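So that we are looking at the same thing, I have put the structure below in structure tokens.
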Amino acid sequence: LKKSKEMEKGRLALRSESTNFLAEYFGIKYVLDGKVETFDEYLKNINTVTAEDILEVANELFRPERFNLQIVGEFKDKKPFEELLKKTYP
């Protein structure tokens, strides 16, 4: 988690040197949130993320009823693939 936070901060520092990125960043923040979040606020928010926060989001996003399967090519029996989608994961 610490490494991921540092990577995101570094990525933001590099990208913030681009005027196109700055326009996009502040524009999207304003349109979606109705306010502009400063980089300092963004960095502060990164620091507050916990492992529990990530687990909570993962549990919301990765639910069996949201699973999809795409198969490229021919196959004779769809049953094994249907079983994959029914399988639950811890």
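Given the structure is predicted, the values throughout are model-derived calculations rather than measurements.
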Gap separating the CG atom of Leu12 from the CE atom of Met7, nearest 0.5 angstrom
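If I round to the nearest 0.5 Å, the distance is 13.5 Å.
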Tell me if a side-chain donor or acceptor on Ser18 pairs with a main-chain N or O of Arg15 at a distance below 3.5 Å.
no
Asn45 and Thr48 side chains, donor-acceptor separation under 3.5 Å:
no
Please give me the minimum heavy-atom distance between Tyr42 and Glu8, naming the atom from each residue.
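Closest approach of Tyr42 to Glu8: OH-OE2, 2.6 Å.
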Leu14 reachable from Phe21 in the ILVMFWY side-chain graph, under 4.5 Å edges:
no
Crowded around Lys44 NZ? As in, over 12 foreign heavy atoms under 6.0 Å?
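Counting other residues, nucleotides and ligands, NZ of Lys44 stays at 12 neighbours or fewer.
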Just to verify, what does Lys5 make a salt bridge (charged side-chain N to carboxylate O under 4.0 Å, His left out) with, not counting sequence neighbours?
none
Mind checking what makes salt bridge (charged side-chain N to carboxylate O under 4.0 Å, His left out) contact with Glu17, not counting sequence neighbours?
none
Using modelled atom types and a 3.5 Å cut-off, is there a donor and acceptor pairing between side-chain atoms of Asp53 and backbone atoms of Thr50?
yes
Set of salt bridge (charged side-chain N to carboxylate O under 4.0 Å, His left out) partners for Glu41, sequence neighbours left out:
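Not a single residue meets the salt bridge (charged side-chain N to carboxylate O under 4.0 Å, His left out) criterion with Glu41.
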Show which residues join Leu1 in its hydrophobic cluster (side-chain heavy-atom contacts under 4.5 Å, direct or indirect), or state none.
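The other cluster members (ILVMFWY side chains, heavy atoms under 4.5 Å, direct or chained) are Val49, Ile54.
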Salt bridge (charged side-chain N to carboxylate O under 4.0 Å, His left out) partners for Lys78, two or more places apart
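Glu82.
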Mind checking side chain to side chain contact (heavy atoms under 4.5 Å, CB included) for Asp77 and listing every partner two or more places apart, or none if nothing turns up?
Lys79, Pro80
Say you draw a straight line from CZ of Phe62 to CD of Glu60; how long is it, rounded to the nearest 0.5 Å?
11.0 Å
Where do Thr38 and Tyr25 come nearest, in terms of heavy atoms and distance?
O-OH, 4.1 Å
More than 12 heavy atoms of other residues, nucleotides or ligands under 6.0 Å from OH of Tyr30: yes or no?
no
